[in-house]
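Down below is the structure, laid out as structure tokens.
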Amino acid sequence: RGMPGHGPRAALIKWLDTGSVEYEDLYAGSLEIICFKRGIKHRSGEKKVDLVRRLKEDDEQEGAN
């Protein structure tokens with residue numbers, strides 16, 4: 001519970017062990033949901049690498065503010 005998205009078993013285990021998970025560890029569908037919740041514009045079916053990039057850019061902008 002509390003994991004920011006869904007991913008393979010390895011991502012779940014990492015979440016349980018460390019309390020954190022990298023965007024790259026999550027499924028693209030979960031990344032789309034995170035983008036939607038944050039109000040980040042994206043296209044449905046966008047490549048995982050592009051979703052990760054958008055989320056990391058948003059994280060950097062939040063950190064700068």
Just jot down the side-chain contact (heavy atoms from CB on, under 4.5 Å) partners of [X], sequence neighbours excluded, or say none.
X   : answer
S20 : T18
R38 : Y23, I34, I40, L55, D58, D59
H42 : E32, C35, F36, E46, L51, R54

Applying salt bridge (Lys or Arg N to Asp or Glu O under 4.0 Å), can you list everything that pairs with K48, at least two apart in sequence or on another chain?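 K48 satisfies salt bridge (Lys or Arg N to Asp or Glu O under 4.0 Å) with no other residue.
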Restricting to salt bridge (Lys or Arg N to Asp or Glu O under 4.0 Å), what partner residues turn up for E22, sequence neighbours left out?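 Listed in chain order: nothing, the list is empty.
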Are K56 and E24 side-chain neighbours, meaning at least one heavy-atom pair lies under 4.5 Å?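 Heavy-atom side-chain distance check passes, below 4.5 Å.
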Note, R53 side chain near V49 side chain (heavy atom, < 4.5 Å):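 SC-SC contact between R53 and V49 ruled out.
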Under a 4.5 Å side-chain heavy-atom rule over Ile, Leu, Val, Met, Phe, Trp and Tyr, are V52 and W15 clustered together? yes
Shared ILVMFWY cluster between Y27 and L31, side chains joined below 4.5 angstrom?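 No, separate clusters.
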Mind checking side-chain hydrogen bond (donor to acceptor under 3.5 Å, both in side chains) for S44 and listing every partner two or more places apart, or none if nothing turns up?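 None.
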